[in-house]
Colleague: 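Here you go, one structure.
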Protein chains: 2
Amino acid sequence: MKQKNSISRAVMILEILGKRKMGFSELYRILLIPKATLHRILKILIDTGMVRYIKEERKYHLGYKILSLASEILNNLPLREIANSYMKQLCEKTKETVELAIPDGKAILYIDKRESSESIRLFAQIGSRYETIHASAPGKIILAFSEDKEILEKIPLKKITDYTITDISELRREIEKIRKRGWAFDNQEARVGVRRIAAPIFDFKGNLAGIIGIAGPSFRIKKEKIKKFGELVKNIAESISKELGYTKKEGVKW
Amino acid sequence: MKQKNSISRAVMILEILGKRKMGFSELYRILLIPKATLHRILKILIDTGMVRYIKEERKYHLGYKILSLASEILNNLPLREIANSYMKQLCEKTKETVELAIPDGKAILYIDKRESSESIRLFAQIGSRYETIHASAPGKIILAFSEDKEILEKIPLKKITDYTITDISELRREIEKIRKRGWAFDNQEARVGVRRIAAPIFDFKGNLAGIIGIAGPSFRIKKEKIKKFGELVKNIAESISKELGYTKKEGVKW
DNA sequence: TTTTTTTGTTTCATATTTAGAACTTTGTTT
DNA sequence: AAACAAAGTTCTAAATATGAAACAAAAAAA
């Protein structure tokens, strides 16, 4: 813990309370902020609605103010609005869960989803953030199309499942393939039993603005479907890019 | 606005930026916080990820940290709701009191219950917290499946009833057995006359998210029922885990 | 280009917050 | 009911943040 200013401390408290609700003493033991100070900060956070105190449990929770702020963010993301009808379309065509994400530095942030109506369907949580971008199709899209060309060198290649690619050379070849064909695939690399297909969305400057993809159980996303789905996702992503003002630069040479 | 402390001001900034992204001057005109101070607060908020500065637009916007905090809240809410129908099911099948609990550090917290319709039934109190996790089936589930692998070393093995296991080696063997078969049992170890059976619920990260179990008088929960109930509770717990997004990892948990 | 507006920085006396300890209250466990 | 643990309060000198104004830099406008 470096920062001593109260705002940094307040955010640290929120991060910890995000993991689970917590009593004062536990919070105190983790943060090592003096009792009187911690009390005062918690009081302000409760007053502002950022933290909720559940008296019966004597525990502090994240407050619902955070949920409403988050919904403001989601409401103000134009990508979400534009992608909406395309996501519906993609979901109907594939019968799988459709996910919309944006790059957030070296991480991926899921900003929307449309769940498959199938009884066996994938759980996706809006707002979740994953730093394991080497291990999922949407993540590999970031690696392949990020403005930061050295991004691959900056992330740890953690083994998440038995299928996760942790060899950097193999990953480089994979990324090269993704760049050429315009869509990515992963076979249970982030989660056992889950296969994903994803494609990049570009803004008017040609920068990666988002990732759209589908995710489903490996028994349903079979080999013969992958290429078909890949092209479908890619085409939908291109349509969204077009609405964002992107005009394809490469390959249109005259 | 009355508050002058920086946390309140920071939250005010977040609320205003929630409406729309904004340049410095506009924010300054609205808040009337001195320029230097406003700059300082914004800098801290950017450092913590709560605010994002879009350089090309020269505008401040809510940061994605808020989205991930919000997803934590959402992640922490659904257990009770999801478990509800399964608790009903379990109660109907066993005719015993069904308990839903969550791990709370080195303690167990009961967050829901469904009482047996039998006239002689166990009284369970929502919100009660027990630090005696070595002495009950749900508590042993925590010992067996907690993220904290050294948890057993950190708790006092108090003798609560004549049946309570207070020998750490014996408890270790018991925990190993629980890990293998996927459910726990206790014979009057926390309360004389009461037997419990419990199984772990895992979230999408594979962490212990809750414990579901049954509790009943020892004269009714007889030897021949224990194994059958154990498998039943385990199966129900697995169903709930699945709804929380957990996909069983090969050979990891049991 | 030069001017104007907006944004960001520096200074420093003053105001506020911090932190450690002792203490009170409240709830829990035995 | 007694013992204990957790939560919250109060007190201070010392540490830190604040804010007014002057300054500096960067965009936008003329």
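Numbered from 1 within each chain, the chains take letters A, B, ... in sequence-line order. FYI, side chains are in, hydrogens and waters are out, and symmetry mates aren't considered; it's all heavy atoms of this structure.
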Colleague: Starting from P on C/dT18, measure out to OH on A/Tyr28 and report it in whole angstrom.
Modeller: 15 Å
Colleague: Can we say B/Glu92 and B/Lys88 salt-bridge, meaning some charged N sits less than 4.0 Å from an Asp/Glu carboxylate O?
Modeller: yes
Colleague: To the nearest Å, give me how far apart CZ (A/Arg58) and C1' (C/dG27) are.
Modeller: 5 Å
Colleague: Could you say whether B/Arg29 or B/Ala36 is positioned toward the 5' end of DNA chain C, judged by the nucleotide with the nearest heavy atom to each?
Modeller: B/Arg29
Colleague: What is the distance, to the nearest angstrom, from the CG atom on A/Leu32 to the C1' atom on C/dG20?
Modeller: 14 Å
Colleague: Identify the nucleotide, in any strand shown, that forms a Watson-Crick or G-U wobble pair with C/dT30, with both distances under 3.5 Å; if there is none, say none.
Modeller: D/dA1
Colleague: Could you check whether A/Arg20 pairs with B/Glu72 (Lys NZ or Arg NE/NH1/NH2 to Asp/Glu carboxylate O, under 4.0 Å)?
Modeller: no
Colleague: Please compare B/Phe24 and B/Thr132 by the position of their nearest nucleotide in DNA chain C and report the one closer to 5'.
Modeller: B/Phe24
Colleague: Can you measure B/Lys158 atom NZ to C/dT28 atom P for me and round it to whole angstrom units?
Modeller: 14 Å
Colleague: Is the ring centre of A/Tyr246 less than 6.0 Å from the ring centre of A/Phe204?
Modeller: no
Colleague: Within this structure, what is the NE2-to-C1' distance between A/His39 and C/dT24, rounded to whole angstrom?
Modeller: 12 Å
Colleague: Distance check needed: C/dT18 C1' versus A/Asn5 CG, whole Å only.
Modeller: 12 Å
Colleague: Other residues, nucleotides and ligands only: do more than 12 of their heavy atoms fall within 6.0 Å of OH on B/Tyr53?
Modeller: yes
Colleague: Tell me whether the centres of the aromatic rings in B/Phe229 and B/Phe185 are closer together than 6.0 Å.
Modeller: no
Colleague: Looking at B/Ser6, I'd like to know whether one of its side-chain N or O atoms comes within less than 4.0 Å of OP1 or OP2 on C/dT17.
Modeller: no
Colleague: Would you say the side-chain atoms of B/Thr48 and A/Ser8 include a donor-acceptor pair closer than 3.5 Å?
Modeller: no
Colleague: Counting only side-chain N and O atoms of B/Tyr60, is one of them less than 4.0 Å from OP1 or OP2 of C/dG8?
Modeller: yes
Colleague: Mind checking A/Lys35 for me? I need base, sugar-phosphate or nothing, with any heavy atom below 4.0 Å counting as a touch.
Modeller: base
Colleague: Would you mind reading off the distance between B/Ile133 atom CD1 and C/dT29 atom C1', rounded to a whole angstrom?
Modeller: 16 Å
Colleague: Is it true that A/Lys65 and B/Glu15 have a side-chain N and a carboxylate O under 4.0 angstrom from each other?
Modeller: yes
Colleague: Taking heavy atoms of chain B and a 4.0 Å limit, find me the 5'-most and 3'-most nucleotide of DNA chain D within that range.
Modeller: D/dA17 to D/dA27
Colleague: Starting at NZ of B/Lys55 and ending at P of C/dG8, how long is that distance when rounded to a whole Å?
Modeller: 10 Å
